[in-house]
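Data block below; observations after.
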Amino acid sequence: MRWVLALIALLTLAGDAAAQAKGKGVRLWNLTTETISGFQLAPAGKTDWGPNQCLNDKDKEVDHDERLRITGIEPGRYDAKVSYPDARQCIVRDIEIKADAVFSIADKDLKDCTK
């Protein structure tokens, strides 16, 4: 009986360790003053934009002070195209993205805005 309890405890600890190792993934923290409706990444210095990461959110937008899970990218340096509901688009250059970490963008980071 004791070995069964020991086995259950060991399996529980192994499951907890696997969940912790998985982490929360890469997340964007929107510190701009507006809601973002589009967020696309490209390797730094390139313009081959990836998919709209806002589609990962339940309401397809990222409000001020909200975090968004970013998928399908590796750690590295990226440029971002940020889109707003009023059709304005801006670029954020040279974002460092680390595994299982949060990165943020703020109004001061927005460059080359167009409408």
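The backbone N or O of Ile91 sits nowhere less than 3.5 Å from a side-chain atom of Asp112 that would complete a donor-acceptor pair. Of the possible polar contacts, none joining the Asp57 side chain to the Cys54 backbone as a donor-acceptor pair under 3.5 Å is found. Looking at Lys58, its side chain never comes within 3.5 Å of a backbone N or O of Leu55 through a donor-acceptor pair. For Gln40 (side chain) and Gly50 (main-chain N/O), a donor-acceptor pair under 3.5 Å exists by modelled atom type.
If you run side chain to side chain donor-acceptor pair (under 3.5 Å) between Thr35 and each of Asp86, Asn30, Asp63, only Asp63 comes through.
At a threshold of 4.5 Å between non-hydrogen side-chain atoms, the residues Thr114 and Arg88 do not count as touching. Two residues are said to be in side-chain contact when any heavy atoms from C-beta on lie closer than 4.5 Å; Asp100 and Lys24 fail this criterion.
Between the side chains of Glu61 and Ser37, no donor N or O sits under 3.5 Å from an acceptor N or O.
Here Leu110 is tied into one hydrophobic group with Val26, Leu28, Ile36, Phe39, Leu41, Val62, Leu68, Ile70, Ile73, Tyr78, Val82, Tyr84, Val92, Ile95, Ile97, Phe103, Ile105, each link being a pair of ILVMFWY side chains closer than 4.5 Å.
Counting all heavy atoms, side chain and backbone alike, Val102 lies closest to Arg27 at CG2-NH2, 2.8 Å. Nearest heavy atoms, His64 versus Thr33: ND1-CA, 4.3 Å. Nearest heavy atom pair, residue Lys98 against residue Glu96, reads CE-OE2, 3.3 Å. Heavy-atom minimum distance, Asp48 versus Pro43: OD1-CD, 3.5 Å. The two residues Asn52 and Gly38 have their closest heavy-atom pair at OD1-CA, 3.3 Å.
Applying the disulfide (SG to SG under 2.5 Å) definition to pairs two or more places apart or across chains, those involving residues 85-115 are Cys90-Cys113.
One finds the CZ atom of Arg67 at 8.5 Å from the CG atom of Leu31 (value rounded to the nearest 0.5 Å).
Atom CH2 of Trp49 sits in a crowded spot, with more than 12 heavy atoms from other residues, nucleotides or ligands closer than 6.0 Å.
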